[in-house]
Student: 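To start, I am sharing the structure in question, which I have written as structure tokens.
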Amino acid sequence: MKKWSQTFIPTLKESPADAEIASHKLLVRAGLVRKLGGGLYTFMPAGLRVMQKISQICREEMERARPDHERAGAIEVWMPHVHPAELWEEGPRWAAAREIMFRVDHAGAGKGRSKEPEFVLGPTHEEVVTPLVKAEITSYRDLPKNFYQISTKFRNEIRPRYGLMRAREFVMMDAYSFDATDDGAIKSYLAMKASYEAFFKRLGIVAIAVEADTGVMGGSFSHEFMVPAEIGDDDVIYNEESGYAANREKATSALVPADLADAAPVGAIEEFATPGVVTIAALEAAPYSVPADKQFKTLVFVGDGTPFVVIVRGCDDVEEAKLGALGFQLWRPATPEEIEPVLGAKPGSLGAVKGTIKNPSALAGVFADHAIRLIGNGTTGANKDGFHLRNVNVARDLAITKFGDFRRVRVGEPDVKSGKPLQARRGIEVGHIFKLGTKYSEKFNAVYTDDKKQSHHMVMGCYGIGVSRTLQAIIEQSNDADGIIWPWAVAPWQVVVTNLDPQDATASGVAEKLAAAAEAAGADVLIDDRAERPGVKFKDADLLGFPLRLTVGGKGLKEGIIEMKWRAEKDVKKVPLADAEAVIAAAVRAAGAAKA
RNA sequence: CGGGGUGUAGCUUAGCCUGGUAGAGCGCCUGGUUUGGGACCAGGAGGUCGAGAGUUCGAAUCUCUCCGCCCCGACCA
């Protein structure tokens, strides 16, 4: 047991000026963290305890075998955080990742290779673990393996935000699975999914698995674990009944029927003058009066240096994340200066009708969203400033390289599973699992020999849990006007013994006895022995969110009772002194069992 | 990096528009009275007003530059 006076929990009455959201304010007010700079935080004793508890639960769930998925538990390692930059240059995502990586120049900077950093601080460890496994594992007999670590990660976020929610330096669990076969990799993936679900359940928070984009990580499929919260950075698109849930970046709908037949063209293409019209809205207005869902929106992007065209309906938005399916490493919207020489017009008059593109060979392709097939006799730019074309039909007229899903779904569209309308809510991404495939094993040539003496690339998966972010997400999900309400499993201390008369030997003796009883039953106990007035102690206990409070004071002792109060409940139970130890022990055991 | 905001004591802030000795609350220190939901009284310490330059007899206040922080966008655990 710990005495309050012997640790350090600097609570604040007022919220810090730079905190916006509840969990950030409470983190600071409850004395769990202090800020060093943007996205950089010191963990104070109570905050550190929570982080250690989350880490420990994470560790236990990672190590746990998943026989239902034919997988042993993951194996803990510790990898360096300073990485030779060459390793990343060799890897598959240097171009995409370098912007967020902290660069470490060596002591003699200036001589030799001055442009490139000598070292970088690790944002994750694929580039470290893959060469390691390549060197150490060469036989199918040693596969599968899954290595994980819980450690600090560094990302020079463009915009750190909301305290620990998006920090420059943060604690993450990262795991990397290596399998001999694709089937095996799927088993590893599903085993990790099960471990994640068990982990979040033990923490006592709601985190739902949703289909996600693979982003810069690459790979074939992935799930994010989202804590529903208004302040979340991501939109989860879902339907309660069908169970469909996906990140907006990835979400699809059944808007376009699979058996859709192209509408029959009703006439030849006609060019018409549209002076000054450069927006969808302007073309919708009189005198043109072309509804947005009858317009082709033609956008130009640059992928790895080469321009390409994406077409969606005028009423739709391109979901840029979905362009990742096209295979580019890096892509961005093109500038007007890049567009004109290729298409022949400025943005606002662009189109992809056959024969109108000025320099089609300069394009990496014309990619069309499926939904444009809903347009018959539509309108698009003529690739001539101030002119558009009408009676444009998809199959007959457009120079399309490939169809795909490139549009952003909207709430209310039919779910692909049930046809019921999709809904949206915000979420905090606390975990992410990827089936990577052979992207990294090919790049680093991580191969093994099978039982037929054949050599194959290992099939990888990678997995992350934002430990420090999860800590804050728990607070965001579980608080009230008085402060934090910690779930039992992660509370810095599960029981606080509030001694109202610490200078009185009787009260102190009782407090110690109750604390010992709670501790013996399995709780972490903090005794508030400070020479503060009762009000201060109660307020601090509520703010810190200890699940169970035991109050000892002269007034109660005269009556022969102590008080027991759950943070999440309103009523205070009076417990006769004689029964107190037994009642407390039972309460602690029940709480521990319920959350175990 | 673009847009918006902000910077005054450990914390929360007033003062800035309209230039003239820098104020409050909380916290802290001393003494006293209190003692079951952030006590009260008396006294006290604590401020290069983010930094630099400029305008002015005089700048927290006006001007310029830079920096930090916060919010919105792209990115992420």
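Note that the structure is predicted; figures quoted are calculated from it, not measured. Quick note on labels: first sequence line is chain A, next is B, and so on, each numbered from 1.
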Student: Examine distances only and state if a side-chain atom of A/R34 and a backbone atom of A/V28 form a donor-acceptor pair shorter than 3.5 Å.
Tutor: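 Indeed, once roles are kept as given, a pair shorter than 3.5 Å links the two residues.
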Student: Would you say A/Y148 places a side-chain N or O within less than 4.0 Å of OP1 or OP2 belonging to B/rA77?
Tutor: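 False: A/Y148 side-chain N/O out of range (4.0 Å or more) of B/rA77 OP1/OP2.
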Student: Can you name the salt bridge (charged side-chain N to carboxylate O under 4.0 Å, His left out) partners of A/E211, sequence neighbours left out?
Tutor: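 Testing A/E211 for salt bridge (charged side-chain N to carboxylate O under 4.0 Å, His left out), a comparison that skips the adjacent residues, returns none.
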Student: Looking at the base of B/rC71, is there any donor atom on it, or on the side chain of A/R159, that sits under 3.5 Å from an acceptor on the other one?
Tutor: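 By the distance-only test, no, there is no pair.
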Student: Holding to ring-ring contact (aromatic ring centres under 6.0 Å, His included), I want the full list of residues that pass it with A/H24, two or more places apart in sequence or in another chain.
Tutor: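 So A/H24 forms no ring-ring contact (aromatic ring centres under 6.0 Å, His included) with any residue.
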Student: Excluding sequence neighbours, so at least two apart, what forms ring-ring contact (aromatic ring centres under 6.0 Å, His included) with A/F301?
Tutor: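 Partners of A/F301 under the ring-ring contact (aromatic ring centres under 6.0 Å, His included) test: A/F308.
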Student: What's the separation between atom CG in A/N156 and atom CD1 in A/I100, rounded to the nearest 0.5 Å?
Tutor: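 A/N156 CG to A/I100 CD1: 8.5 Å, rounded to 0.5 Å.
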Student: Below 4.0 angstrom from OP1 or OP2 of B/rC70, is there any side-chain N or O of A/K35?
Tutor: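 Answer yes for this pair, as a side-chain N or O of A/K35 is under 4.0 Å from OP1 or OP2.
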Student: If you look at every strand shown and take non-hydrogen atoms under 4.0 Å, does A/A167 touch a base, only sugar-phosphate, or nothing?
Tutor: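 Base, at least one base atom sits under 4.0 Å.
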Student: Sequence neighbours left out, what passes side-chain contact (heavy atoms from CB on, under 4.5 Å) with A/L36? Give chain and number order.
Tutor: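 With sequence neighbours excluded, A/L36 shows a side-chain contact (heavy atoms from CB on, under 4.5 Å) to A/L40, given in chain and number order.
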Student: How is A/F154 classified with respect to the nucleic acid when contacts are heavy atoms under 4.0 Å: base, sugar-phosphate, or nothing?
Tutor: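 No contact at all - A/F154 keeps every heavy atom at 4.0 Å or more from the nucleic acid.
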Student: Are OP1 or OP2 of B/rC72 and a side-chain N or O of A/R161 less than 4.0 angstrom apart?
Tutor: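 Checking B/rC72 against A/R161, a side-chain N or O does come within under 4.0 Å of OP1 or OP2.
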Student: Quick one: pull up CG in A/D501 and NZ in A/K555 and give me the separation to the nearest 0.5 Å.
Tutor: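 Going from CG on A/D501 over to NZ on A/K555, the span is 11.5 Å.
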Student: Scan A/P16 against the nucleic acid and name what it touches under 4.0 Å (heavy atoms): base, sugar-phosphate only, or nothing.
Tutor: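 Sugar-phosphate, no base atom in range.
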Student: What is the nucleic acid contact for A/E429, judged by heavy atoms within less than 4.0 Å: base, sugar-phosphate only, or nothing?
Tutor: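 A/E429: backbone/sugar contact only, no base atoms under 4.0 Å.
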Student: If pairs are Watson-Crick or G-U with both distances under 3.5 Å, what is the dot-bracket string of RNA chain B, marking crossing pairs with [ ] and pairs to another strand with |?
Tutor: (((((((..((((......[..)))).((((((.....)))))).....(((((..]....))))))))))))....
Student: So if I apply the side chain to side chain contact (heavy atoms under 4.5 Å, CB included) rule between A/I484 and each of A/L27, A/I474, A/I475, which one comes out positive?
Tutor: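 The option that passes is A/I475.
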Student: I need a per-nucleotide contact map over nucleotides 31-41 of chain B, read 5' to 3'. Cutoff is protein heavy atoms under 4.0 Å; write B for the base, S for backbone only, - otherwise.
Tutor: ---BSBBBB--
Student: Taking the six-membered ring for Trp, are A/F225 and A/F200 ring centroids under 6.0 Å apart?
Tutor: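 Judged by ring-centre distance (under 6.0 Å), A/F225 and A/F200 do meet the cut-off.
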